[in-house]
Amino acid sequence: MTDPQTAARDHLWLHFTRHSTYENGGEVPMIVRGDGAYIYDDKGRKYLDGLAGLFVVQAGHGRAELARAAAEQASELAFFPLWSYAHPKAVELAERLALAAPGDLNRVFFTSGGGEAVESAWKLAKHYFKLTGKPGKHKVLSRATAYHGTTQGALSITGVPAFKAPYEPLVPSTFRVPNTNFYRASAHSDDEEAFGRWAADRIEEAILFEGPETVAAFFVEPVQNAGGCFPPPPGYFQRVREICDKYDVLLVSDEVICAYGRLGTMFGAQKYGYQPDIITSAKGLTSGYSPLGAMLVSDRLFEPFKTGETMFAHGYTFGGHPVSAAVAMANLDLFEREDLLGNVRRNESVFRATLEKLLDLPIVGDVRGDGYFYGIELVKDKTTKETFDGEESERLLRGFLSKALYDSGLYCRADDRGDPVIQLSPPLICGPEHFEEIEQKLRSVLTEAWTKL
């Protein structure tokens, strides 16, 4: 093969990447190995994986038992679709997820990943209401700045205008409501619970404006990712559930990031005590060792599909892949054996406290999140909360921070889909020593960043 750097520049189309960065001989970062909470590049340099790959590698890198589970399954049955047939690992995993899920989410529809799970949920919502005599219910609500995927339907639900503009017109009938960014609350900025009530009530307002007979579902993350980890205010989800019940709107909990231990519970809805009608999930289900997503569905929504000639005319070739399902089972075994959820619950307050040390820096405006999932918002002025303009954000994040953090030995995300933030989502195996390393590296880089403004 050609030199790997040349081949990468000439042939590999990277995701969400400005390829101009690598023109004229710019080096493409090449990660070749992982071990525990660390990754290594082709030069032998070591980095703390502060993002768990992409909110994925819950059990850490280099887990040989997960690789063995994949190899053993591939040697026995490498592939078979779930189109009118089943295979044992998909059956076992579906039962295990149903038993772990809150309430009556007893049906599991497998996909290849999170975006496909979101697509599946929207299609199911529309199909369900057509079968139950409410064919006009097809619209969906989601929150401002929220990210739900990149396929045409999921991108339509996504609330990040810059991601949508190049691909419009998208699927119609999606509408945005306020998110739960209390740091920048436009109402009740001195009372988090009142702010949460206000934000939830905007959902009811949108349903009434569009007409309850036309609204099928509300898609919402337990902790919103895009914008920088917005946790729900107290009582928010209880009010959301109340509104959805009142107008027969399905509550879809998009847990592609927040499921499988990221918040210290198997599912994010369990963290905040609400009952979804559908959970969409992926990422941490296999700790990234093989691609897999899952849509968990309530008994009520499956009911119309149980009899007669009705079928959900939807599926994916690799949904519930035997190898991925086997890896997921081994991954969940590992969760139990090493009590990874308990590790998050025991250490989440330490993680928060360690990151909050950074609030003494003039550039750090807010530290927010939950479990092992945090955002650090960067500001020009802590007193006024003044943020950076577009040019400043470009210079700060892409011109300095992204590379400086990586060069410091920390892999994380510097993001400006809302206001500029740094996001952290370490593997669930991490503990206080990793948090201290993250804080020290961030402190050094952010201190230097402030001098460059």
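Excluded from the calculations below are hydrogen atoms, water molecules and symmetry mates; all remaining heavy atoms, backbone and side chain alike, are included.
- The aromatic rings of F109 and H314 lie parallel to each other, their planes meeting at an angle below 30°, with 60° marking the opposite boundary.
- A salt bridge does not link D248 with K137: none of the charged nitrogens is closer than 4.0 Å to a carboxylate oxygen.
- A ring-ring contact (aromatic ring centres under 6.0 Å, His included) check over residues 238-266, counting only residues at least two apart or in different chains, returns the pairs Y260-F267.
- More than 12 heavy atoms of other residues, nucleotides or ligands sit less than 6.0 Å from atom NZ of K43.
- Between H127 and F312, the ring-plane angle classifies as tilted under the 30° and 60° cut-offs.
- Stacking of R107 on the aromatic ring of F302 is recorded, both the 6.0 Å distance cut-off and the 45° axial limit being met.
- Taking every heavy atom of both residues into account, D41 and V32 meet most closely at O-CG2, 3.5 Å.
- The pair K123-E119 fails the salt-bridge criterion, with no side-chain N (NZ, NE, NH1 or NH2) lying under 4.0 Å from an Asp/Glu carboxylate O.
- A 6.0 Å sphere centred on CD of E95 holds no more than 12 heavy atoms belonging to other residues, nucleotides or ligands.
- Cation-pi contact between K46 and Y38: present, with separation from the ring centre below 6.0 Å and deviation from the ring axis of at most 45°.
- For the pair R33 and Y40, the cation-pi criterion (under 6.0 Å, within 45° of the ring axis) is fulfilled.
- Ring geometry, Y147 versus F163: the interplanar angle exceeds 60°, so the pair is classed perpendicular (tilted spans 30 to 60°).
- Here R300 does not pair with D104 in a salt bridge; the nearest charged N to carboxylate O distance is not below 4.0 Å.
- Looking at residues two or more places apart in sequence or on another chain, you find a salt bridge (charged side-chain N to carboxylate O under 4.0 Å, His left out) between R368 and D366, E377.
- Look at R18 and E23 and you find no salt bridge, because none of the NZ, NE, NH1 or NH2 atoms lies under 4.0 Å from a carboxylate O.
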